[in-house]
There are 2 protein chains.
Amino acid sequence: MTVMETTGTRIDTCAGTPQQNRRPDGDDHYTISEVVAFTGLTAHTLRWYERIGLMPHIDRSHTGQRRYTNRDLDWLDLVGKLRLTGMPVADMVRYAELVREGDHTYGERFQLLKTTREDVLARIDELRGTLAVLDRKISFYADAGHGLASERSR
Amino acid sequence: MTVMETTGTRIDTCAGTPQQNRRPDGDDHYTISEVVAFTGLTAHTLRWYERIGLMPHIDRSHTGQRRYTNRDLDWLDLVGKLRLTGMPVADMVRYAELVREGDHTYGERFQLLKTTREDVLARIDELRGTLAVLDRKISFYADAGHGLASERSR
DNA sequence: TAGAACCTTGGAGTGCGCTCCAAGCAAGCG
DNA sequence: CGCTTGCTTGGAGCGCACTCCAAGGTTCTA
């Protein structure tokens, strides 16, 4: 399939996830319901992603039904990961556009990835702060046991 | 300033944040716009929080204007932290109700906190997974430099 | 005492990310 | 052949978390 097969190393894959029962490249013509099973997204959402430009144009069968490839699944994996970071769909669409526009958008894509990386780090830090608060409250509840009228003071 | 001055140890405080220019307890009768400045929330949001039961009943001046206390600010700090975890507002309202209902809800509150803690840990793990993907892509972009037609394969 | 700035309310409106609907075509099965 | 199951489309609808509005009362500064 793709470009890298011939090159030996595949650096730019978004795998990371199990890649459960995918078919080999060349045989990868998944129906929308198979993709639903792979990704956990609904068919509605998959079609909507396509409408808003978050997916590339998906291959069609001779009767016009969608046939997704392994590459499409990889892209959906990435989208899923980015979604977890809280990145707005509009920003992901922007990234998808950059990819479609070709190599001259290289720099912009690189920047976008680095910015996102920083955002994720910040997000993790925020969560750690929250975790500290929760741990403090939890040990308060655990210790206090009964003389806990003071909980009102939070 | 604040509470800790007088009591020495306060376990169940949600501080963690700077507690910037708060007035001492007893003098703590903040207007809504002061709370806006403290929290970064809008006045609309503060009033809405109250309407939906996410805030306790707020003291009023003799003419009916809201006067927030240090304790209210502490609560808003906690709410802010929980919001960062993605906890739905409805769940936070539930917690607020438990607090209002009194000590007999101790166990349920404890469980809720522990569940939330687990959620936060899971969330951090997800983000770390995403970070790994981003780092892989970033180093791909950094290395590739120019022969990057293959980026299409993501 | 004037004027600006701030506060009050219930209810309506907004933006995001889906989520669903209706009407119709297509493929597989007994 | 009829039936079920799955897919297609554009557009409408939904739930969440705000966000704003209109119309009026209050508080502060000069």
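None of these values were measured; they are calculated from a predicted model. Every chain is numbered from 1 and lettered A, B, ... according to where its sequence line falls, protein lines coming before strand lines.
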Distance, rounded to the nearest Å, where [X] contributes [atom1] and [N] contributes [atom2]:
X	N	atom1	atom2	result
B:Ile52	D:dT19	CD1	P	13 Å
A:Met92	C:dC16	CE	C1'	11 Å
B:Arg51	C:dA12	CZ	C1'	10 Å
B:Glu50	D:dC18	CD	C1'	16 Å
B:Leu82	D:dC16	CG	P	18 Å
B:Glu34	C:dA5	CD	P	18 Å
B:Tyr68	C:dC6	OH	P	16 Å
A:Leu54	C:dC18	CG	P	9 Å

Distance-only side-chain donor-acceptor flag, [X] / [Y], under 3.5 Å:
X	Y	value
A:Tyr141	B:Arg109	yes
A:Tyr30	A:Asp72	no
A:Asp119	A:Thr116	no

Residue-phosphate contact under 4.0 Å: [X] side-chain N/O, [N] OP1/OP2:
X	N	value
B:Thr31	C:dC6	no
A:Tyr49	C:dG17	no
B:Arg83	D:dC18	yes

Pairing of [X] and [Y] as salt bridge, 4.0 angstrom limit:
X	Y	value
B:Arg47	B:Glu50	no
B:Arg23	B:Glu34	yes
B:Asp77	B:Arg22	yes

Distance-only, no hydrogens or angles: does the A:Asp59 side chain make a donor-acceptor pair with backbone N or O of A:His29 under 3.5 Å?
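Here the side-chain-to-backbone pair does not exist.
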A:His44 or B:Arg67, whichever maps to the more 5' nucleotide of DNA chain C
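Looking at the nearest nucleotide for each, B:Arg67 comes out on the 5' side.
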Where each residue is assigned the nucleotide of DNA chain C containing its nearest heavy atom, which of A:Met87 and B:Ser33 is assigned the position nearer the 5′ end?
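That would be B:Ser33.
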Non-neighbouring partners of A:Arg51 that pass salt bridge (charged side-chain N to carboxylate O under 4.0 Å, His left out), sequence neighbours left out:
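For A:Arg51 there are no salt bridge (charged side-chain N to carboxylate O under 4.0 Å, His left out) partners, ignoring immediate neighbours.
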What does the B/S/- profile of nucleotides 24-29 of chain C look like, 5' to 3', with a 4.0 Å heavy-atom cutoff to protein?
--SS--
With nearest nucleotides of DNA chain D determined for B:Gly64 and B:Thr45 from heavy-atom distances, which residue corresponds to the more 5′ nucleotide?
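The answer here is B:Thr45.
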Considering heavy-atom distances to DNA chain D, does B:Gly86 or B:Ser61 have its closest nucleotide positioned more toward the 5' end?
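Taking each residue's closest nucleotide, the earlier one in sequence belongs to B:Gly86.
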Per the atom types in the model, does the base of C:dG10 pair as donor or acceptor with the side chain of B:Arg47 at under 3.5 Å?
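Absent.
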Determine whether a donor-acceptor pair (one donor, one acceptor, N or O, separation below 3.5 Å) exists between the side chain of A:Arg66 and the base of D:dG6.
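No such pair is found, so the answer is no.
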Nearest of C:dT19, D:dT8, D:dA17 to any side-chain atom of A:Arg60?
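The listed nucleotide nearest to A:Arg60's side chain is D:dT8.
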